[in-house]
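Worksheet for the structure shown next.
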Amino acid sequence: MSLFDLDKISKRIDELEAKTMQEGFWNNSKTSGIVLQEMKSLKDKKSKFEKINEEAKNLLELNELLLIEEDNELIKELLKNTKILEADLEKFEIETLLSR
């Protein structure tokens, strides 16, 4: 079982966005508020995941460059950014677990 299913989240966002387009959706502020809150939460989660994923790709590319040509400053940058990514990933994992 996957802790984070991007396809499932994207599909749910699409479903919620479709709901907001239905006639009469905005007539019930309580229901529309709940839908909008869920949609915002899912979009935030998706955005955080995409940011972490992009940073991981960047670090892998930097690592590949360092395998070709060693550069002490880039090594320091890679190590620093890897620690930051690790912390961001851990925080994201905890947030995801708590939101289930």
Side-chain angles (χ1 to χ4, degrees):
M1 181 168 88
S2 175
L3 181 62
F4 189 83
D5 187 341
L6 186 60
D7 290 335
K8 185 177 177 182
I9 287 174
S10 295
K11 182 178 177 185
R12 182 64 180 151
I13 290 169
D14 291 344
E15 290 170 359
L16 293 171
E17 286 177 342
K19 268 189 178 182
T20 67
M21 301 298 182
Q22 292 175 349
E23 188 174 328
F25 172 79
W26 298 102
N27 293 342
N28 185 331
S29 62
K30 184 177 180 181
T31 302
S32 62
I34 291 168
V35 169
L36 292 176
Q37 184 177 10
E38 181 183 356
M39 194 165 55
K40 181 187 179 319
S41 174
L42 291 171
K43 283 182 176 183
D44 288 347
K45 193 179 290 189
K46 181 180 175 182
S47 176
K48 287 178 185 179
F49 176 82
E50 289 171 339
K51 180 182 174 218
I52 288 170
N53 193 44
E54 188 62 34
E55 183 61 24
K57 287 179 185 178
N58 291 340
L59 291 175
L60 285 172
E61 288 175 8
L62 182 57
N63 187 57
E64 288 176 16
L65 286 173
L66 288 169
L67 291 173
I68 296 168
E69 184 176 335
E70 190 173 312
D71 179 320
N72 287 335
E73 289 303 312
L74 285 179
I75 291 171
K76 288 177 187 176
E77 182 180 337
L78 176 67
L79 292 173
K80 179 182 119 196
N81 290 338
T82 299
K83 286 180 184 179
I84 292 169
L85 178 63
E86 184 178 25
D88 289 346
L89 186 57
E90 186 174 311
K91 181 180 175 187
F92 179 73
E93 183 178 24
I94 290 168
E95 289 172 0
T96 302
L97 283 170
L98 293 176
S99 69
R100 296 185 120 212

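Note that this is a predicted model, so its numbers are computed, not measured.
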Residues Lys40, Asp44; criterion salt bridge (charged side-chain N to carboxylate O under 4.0 Å, His left out); working and verdict
CA-CA 6 Å; Lys40 181 187 179 319; Asp44 288 347; 2.7 Å; yes
CD of Glu93 to CG of Leu97, rounded to nearest 0.5 Å, is 5.5 Å
Give a yes or no on whether Leu79 and Leu59 share a hydrophobic cluster (residues Ile, Leu, Val, Met, Phe, Trp, Tyr; joining criterion: side-chain heavy atoms under 4.5 Å apart).
yes
State the CD-CG distance between Glu55 and Leu89, to the nearest 0.5 angstrom.
11.5 Å
In a table with atom names and distances, give each donor-acceptor pair under 3.5 Å that connects a side chain of residues 80-88 to protein atoms at least two apart or in another chain.
{"from": "Asn81", "atom 1": "ND2", "to": "Glu77", "atom 2": "O", "distance (Å)": "3.4"}
{"from": "Thr82", "atom 1": "OG1", "to": "Leu78", "atom 2": "O", "distance (Å)": "2.6"}

Let me check something: do Ile75 and Leu65 share a hydrophobic cluster, defined by ILVMFWY side-chain heavy atoms less than 4.5 Å apart, either directly or through other members?
no
Please tabulate, for side-chain N and O atoms in residues 23-33, each donor-acceptor pair with protein atoms closer than 3.5 Å (sequence neighbours left out).
{"from": "Trp26", "atom 1": "NE1", "to": "Thr20", "atom 2": "O", "distance (Å)": "3.2"}
{"from": "Asn28", "atom 1": "OD1", "to": "Lys30", "atom 2": "N", "distance (Å)": "3.1"}
{"from": "Asn28", "atom 1": "OD1", "to": "Thr31", "atom 2": "N", "distance (Å)": "3.1"}
{"from": "Asn28", "atom 1": "ND2", "to": "Thr31", "atom 2": "OG1", "distance (Å)": "3.1"}
{"from": "Ser32", "atom 1": "OG", "to": "Asn28", "atom 2": "O", "distance (Å)": "3.0"}
{"from": "Ser32", "atom 1": "OG", "to": "Ser29", "atom 2": "O", "distance (Å)": "3.1"}

Pairwise salt bridge (Lys or Arg N to Asp or Glu O under 4.0 Å) hits with a residue in residues 64-76, at least two apart
Glu73-Lys76
Quick one: ring-ring contact (aromatic ring centres under 6.0 Å, His included) pairs with a partner in residues 39-84, sequence neighbours left out?
Phe4-Phe49
Going from CG on Asn63 to CG on Leu74, what distance comes out if it is rounded to the nearest 0.5 angstrom?
11.0 Å
Atom pairs and distances, side-chain donor-acceptor, residues 10-19, under 3.5 Å, sequence neighbours left out:
{"from": "Ser10", "atom 1": "OG", "to": "Leu6", "atom 2": "O", "distance (Å)": "3.0"}
{"from": "Ser10", "atom 1": "OG", "to": "Lys46", "atom 2": "NZ", "distance (Å)": "3.2"}
{"from": "Arg12", "atom 1": "NE", "to": "Glu38", "atom 2": "OE2", "distance (Å)": "2.9"}
{"from": "Arg12", "atom 1": "NH1", "to": "Glu15", "atom 2": "OE1", "distance (Å)": "3.2"}
{"from": "Arg12", "atom 1": "NH2", "to": "Glu38", "atom 2": "OE1", "distance (Å)": "3.1"}
{"from": "Arg12", "atom 1": "NH2", "to": "Glu38", "atom 2": "OE2", "distance (Å)": "3.4"}
{"from": "Glu17", "atom 1": "OE2", "to": "Lys43", "atom 2": "NZ", "distance (Å)": "2.9"}

What's the shortest heavy-atom distance between Phe92 and Lys45, and which atoms?
CE1-O, 3.6 Å
Residues which pass side chain to side chain contact (heavy atoms under 4.5 Å, CB included) with Ile94, listed by chain and number, not counting sequence neighbours
Glu90, Leu98
